[in-house]
Structure formats: C-alpha cells, structure tokens
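The block underneath contains the structure these notes are about, expressed in structure tokens.
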Amino acid sequence: MTRNRRQARTVGAVGFLLAVTPWALIVLGLLFLVPVALSDGRDPESRWYPRARNAYAGWGISLYLLGVILGSQVAQLYSLSAP
C-alpha cells in the first residue's frame, strides 16, 4: 500500500470519528438522563431513587449540550468545505 492511500485511510478514519463523536456525546448524555427521568415523582427515601441524581443530571445535560455544540460546529465546517 502506498503512503498516499495509507494517509487517505487515516484521514478518513479521523473524519469518521469526528462525525460520530457528536452523536456519541448526545446518546451518552441521554443515557445519563434516564435514571433522572425514571426517578421523577419517587420518594427520595426509596431504594429506587438514585443517590447521585444531581450528578446524573449534570453529566447528562453537559454531555448532551457538548454533543449538540460539536455537531453544529462539524456541520459548519462541512458547509464551508462543500462546493
């Protein structure tokens, strides 16, 4: 395999990871919000109430927003490079 083909594969793999990363952050953020949503209306003394509910909410919101922001930046970069 020539150097140009190897470099093209590397650039393609990095580009793919950058395109997937925002979606992964959004999904991860939503997964962190599942226990928060399920605990809504439950008694805080219940064993089904997550003890780290605020931490789950913080991580979920942060990761979701980071994914949305990164996704919008990737879309802007794509629109600049499109003919």
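The shown structure was predicted, so the numbers you read here are calculated from the model rather than taken from an experiment.
Among pairs with a residue in residues 14-31, none fulfils side chain to side chain donor-acceptor pair (under 3.5 Å), at least two apart in sequence or across chains. Listed by first and then second residue, the side chain to side chain donor-acceptor pair (under 3.5 Å) pairs that reach into residues 27-36 come to none, sequence neighbours excluded.
Between atom CH2 of residue W48 and atom CZ of residue R42 there is a gap of 8.0 Å, rounded to the nearest 0.5 Å. R6 CZ to R9 CZ: the interatomic distance, rounded to the nearest 0.5 Å, is 10.0 Å.
Side-chain heavy atoms closer than 4.5 Å link hydrophobic residues (I, L, V, M, F, W, Y) into clusters, and following such links, even through other members, never connects I26 to V74.
Here the closest heavy-atom approach between residue P35 and residue P50 is recorded as O-CG, 3.9 Å. When all heavy atoms of E45 and R51 are compared, the pair lying nearest together is O-NH2, 4.0 Å.
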Acceptor/donor pairs from residues 53-67 side chains to any protein atom, 3.5 angstrom cut, sequence neighbours excluded:
unit_1 : atom_1 : unit_2 : atom_2 : d
R53    : NE     : S39    : OG     : 2.7
R53    : NH2    : V36    : O      : 3.4
S62    : OG     : G58    : O      : 2.8

